[in-house]
Amino acid sequence: MTEENRVAMVTGASRGLGEVIARVLAERGHDLVIGARDETTLNRVRDEISERGRRVVAIAGDVTDASVRRRWVDAARELGGLDVLVNNASELGSLGPLMTFDVQRFGRVFPVNAGAPIALIQLAVPLLAARRGLIVNITSDAAHEAYAGWGPYGASKAALELLTRTLAVELLTHGVSAVLVDPGDMRTRMHQEAFPGEDISDRPLPDVTAPFWRWLFDQDREAIRAQRFVAQRQDAPWHQPA
Ligand SMILES: NC(=O)c1ccc[n+]([C@@H]2O[C@H](COP(=O)([O-])OP(=O)(O)OC[C@H]3O[C@@H](n4cnc5c(N)ncnc54)[C@H](OP(=O)(O)O)[C@@H]3O)[C@@H](O)[C@H]2O)c1
């Protein structure tokens with residue numbers, strides 16, 4: 001493997017945290033496959049990153065769509081393989097107290113936040129195994145803290161955390177590492193949707209996590225396997241015991 005042919009895939013890379021992660025990966029020599037539903041914003045990110053000399057394939061689509069996931073993995077294969085997969089795309093779903101929550105409305109939160117990352121990993125593992133690759137699943141403090149009104153979203157991230165730790169064990173024999181990253185509160189569209197009408201200007205932009213990503217992608221993958229990181233902790237190491 002040479003520096004020139006490293007390849008990464010980032011879901012939800014059209015804005016917010018995913019865009020920052022994609023930029024850091026490109027800066028560190030990765031060609032990219034990026035995904036999100038809105039084609040226009042996704043192509044803007046593709047064009048800006050590829051102007052700096054990296055190959056970027058943008059494929060618009062929903063993470064819950066099996067044919068889209070297949071196209072993302074095929075694109076990585078065509079770029080030469082896959083070193084890093086970042087499952088970042090996520091939905092907040094409906095917020096509100098569980099006592100009055102219509103459970104039919106759990107809706108897409110579990111399939112998007114927990115199901116799709118696993119389905120994408122299933123497809124990507126043969127490529128990742130060939131390069132002793134790294135899976136990064138984006139979680140939230142809502143996976144651990146009982147925030148009133150946030151039950152379904154928090155539960156979907158808690159599910160993703162246990163699935164990721166289970167995968168980290170199961171993928172040992174494939175030589176693939178899996179980690180969790182809690183990025184902390186950031187001023188993004190999802191965060192504004194979580195606090196409608198509130199001034200969220202005191203939250204940092206997702207660029208605040210860039211130093212963490214630069215550190216993470218330089219780590220020995222086997223050494224960080226199964227760890228959970230908090231990206232906004234300013235005093236490295238960022239590892240948070242489970
Ligand atoms: N912001 C925070 O304070 C915060 C805190 C803790 C954890 N997080 C986590 O950080 C990650 C990024 O969130 P963010 O704040 O950067 O959100 P964001 O700005 O809303 O970005 C979400 C990205 O995911 C894409 N996306 C959403 N649903 C998708 C779907 N079904 N299929 C494909 N792409 C989809 C969006 O593009 P399209 O809408 O065009 O598809 C967009 O590119 C998420 O996993 C989130 O749970 C965020």
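Not measured: the values here are computed from a predicted model. In each ligand, atom 1 is the first atom listed, and ligand 1 is the first ligand listed.
No N or O atom of Ala89 sits closer than 3.5 Å to an N or O atom of ligand 1. The shortest N or O to N or O distance between Asp182 and ligand 1 is not below 3.5 Å. Close N/O approach between Met186 and ligand 1 is found [any backbone or side-chain N/O within under 3.5 Å]. Looking at Gly35 next to ligand 1, no N or O pair under 3.5 Å apart turns up. Taking distance alone, with nitrogen or oxygen atoms compared against 3.5 Å, Ser90 approaches ligand 1 more closely than that limit. Residue Gly12 places at least one N or O, backbone or side chain, under 3.5 Å from an N or O of ligand 1. Between Leu17 and ligand 1, at least one pair of N/O atoms sits closer than 3.5 Å.
Counting heavy atoms under 4.0 Å from ligand 1, residue Tyr153 touches it through the side chain alone. With a 4.0 Å heavy-atom cut-off, ligand 1 is reached by no atom of Arg187. When non-hydrogen atoms are compared, ligand 1 lies under 4.0 Å from neither the backbone nor the side chain of Thr64. Counting heavy atoms under 4.0 Å from ligand 1, residue Pro206 does not touch it at all. Only side-chain heavy atoms of Arg108 come within less than 4.0 Å of ligand 1; its backbone N, CA, C and O stay farther off. Of all the heavy atoms of Glu19, none lies under 4.0 Å from any atom of ligand 1, so neither backbone nor side chain is involved.
Near Asp185, with a cut-off below 4.0 Å to any heavy atom, the atoms of ligand 1 are 3 (O). Less than 4.0 angstrom separates some heavy atom of Gly16 from each of these atoms of ligand 1: 16 (O), 19 (O). Of all atoms in ligand 1, numbered sequentially from 1 with element shown, those under 4.0 Å from a heavy atom of Arg189 are 19 (O), 20 (O). Taking every non-hydrogen atom of His191 and a distance limit under 4.0 Å, the qualifying atoms of ligand 1 come out as 1 (N), 2 (C), 3 (O). Remark: ligand 1 atoms within the under-4.0 Å shell around heavy atoms of Ile138 are 9 (C), 10 (O), 11 (C), 45 (O).
For Trp213 and Phe229, the ring centers sit 6.0 Å or farther from each other.
Salt-bridge check for Glu27 with Arg23: failed, with every basic side-chain N at 4.0 Å or more from each acidic carboxylate O. With respect to the salt-bridge test (charged N to carboxylate O, under 4.0 angstrom), the residues Lys157 and Glu145 do not qualify. A salt bridge is absent between Asp62 and Arg69: the closest approach of a Lys/Arg side-chain nitrogen to an acidic carboxylate oxygen does not fall below 4.0 angstrom.
No donor-acceptor distance shorter than 3.5 angstrom exists from the side chain of Glu91 to the backbone of Pro111, with no hydrogens or angles considered.
Contact annotation: Thr41 has no heavy atom less than 4.0 Å from any atom of ligand 1. Contact between Ala60 and ligand 1 is absent, with no heavy atom of the residue lying under 4.0 Å from the ligand. Not close to ligand 1: Thr11, with no non-hydrogen atom less than 4.0 angstrom away. Heavy-atom distances between Gly184 and ligand 1 reach below 4.0 Å in at least one pair. Residue-ligand proximity: Thr139 is placed with a non-hydrogen atom under 4.0 Å from ligand 1.
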* To do: For salt bridge (Lys or Arg N to Asp or Glu O under 4.0 Å), just list the numbers for Arg165 and Glu161, CA-CA rounded to whole Å, side-chain angles, deciding distance to a tenth of an Å, and then say yes or no.
  => CA-CA 6 Å; Arg165 289 192 283 119; Glu161 292 211 3; 5.3 Å; no
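When Ser14, Ala116, Pro204 are checked for heavy-atom proximity to atom 43 (O) of ligand 1, Ser14 turns out nearest.
The number of heavy atoms from other shown groups lying within 6.0 Å of CZ (Arg203) is above 12. Other residues, nucleotides and ligands contribute more than 12 heavy atoms inside 6.0 Å of the CZ atom of Arg214. With a 6.0 Å radius and a threshold of 12 heavy atoms from other residues, nucleotides or ligands, Arg132 has its CZ atom at or below the threshold. Environment of CD in Glu39: sparse, with no more than 12 heavy atoms of neighbouring residues, nucleotides or ligands closer than 6.0 Å.
Taking the ring-ring contact (aromatic ring centres under 6.0 Å, His included) definition, one finds that Phe106 meets it with Phe101, Phe110, sequence neighbours left out.
Screening Ile121, Asn88, Val181 for a side-chain contact (heavy atoms from CB on, under 4.5 Å) with Asn137, the sole residue that qualifies is Ile121.
Using modelled atom types and a 3.5 Å distance limit, the side chains of Asn113 and Ser90 yield a donor-acceptor pair.
The other residues sharing a hydrophobic cluster with Trp150 are Leu92, Leu95, Tyr147, Tyr153, Met190, Phe195, Ile200, where clustering joins ILVMFWY side chains under 4.5 Å apart.
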